[in-house]
Amino acid sequence: MLDLILGNLRDIGYASILLAIVWLANFLLDVYYNIKIINQCWSCKNIWDDIIRFLAVCAGVTLLTIAISAFPRFISMVGLTVPEEYVDVMSILTIVALFAKGIYEYTSRAIEKLNGILKKELKE
């Protein structure tokens, strides 16, 4: 089970990097959109709130993935048989599904901000 969790942590690391890239793109577009397009003041509190939210999402998804990955092993320990292939598939699907949700959300927000920036600049 430890090998499974360590392997999942490696996969989670890759997924976290992808999430960080999308989050950073969204963050940078948000900064530009708020300052230049809607003339909103940008404060350090906003930056820290975004960073804390990102870290919370990564930590929460990591813990959920570990728990869901360990669950089939727990079922096996209490006497039910779970084929090894199912354990691997559940782990992979969990990582993909949970991180895909965050990646999708940050990507859609970044695209909305990019559209707002481009519309503003095209009007000028």
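In what follows, residues are counted from 1 in the order of the sequence shown. This is a predicted model, so every value here is computed, not measured.
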Same cluster or not: [X] versus [Y], using hydrophobic residues (I, L, V, M, F, W, Y) connected whenever any side-chain heavy atoms lie under 4.5 Å apart?
X	Y	value
M77	I68	no
V89	I92	no
Y104	I95	no
I103	L64	yes
Y106	I52	no

Pair K45 + D49: basic N to acidic O under 4.0 Å: yes
Any residue meeting side-chain contact (heavy atoms from CB on, under 4.5 Å) with L80, in chain and number order, not counting sequence neighbours: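 Only I75 meet the side-chain contact (heavy atoms from CB on, under 4.5 Å) criterion with L80.
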Non-hydrogen atoms of T65 and T94 that approach each other most closely: CA-CG2, 3.9 Å
Less than 3.5 Å apart, which donor and acceptor atoms pair up between the side chains of residues 10-26 and the rest of the protein, not counting sequence neighbours?
residue: S16; atom: OG; partner: I12; partner atom: O; Å: 2.9
residue: N26; atom: OD1; partner: A110; partner atom: N; Å: 3.2
residue: N26; atom: OD1; partner: K113; partner atom: NZ; Å: 2.9

[X] [atom1] to [Y] [atom2] distance, which is reported to the nearest 0.5 Å:
X	Y	atom1	atom2	answer
F27	R53	CZ	CZ	10.5 Å
K119	I117	NZ	CD1	12.0 Å
T107	E112	OG1	CD	11.0 Å

Residue pairs passing the salt bridge (charged side-chain N to carboxylate O under 4.0 Å, His left out) test where at least one lies in residues 91-108, sequence neighbours excluded: K101-E105
Intermediate values then yes/no, side-chain contact (heavy atoms from CB on, under 4.5 Å), I66 and L9: CA-CA 8 Å; I66 291 170; L9 288 174; 3.8 Å; yes
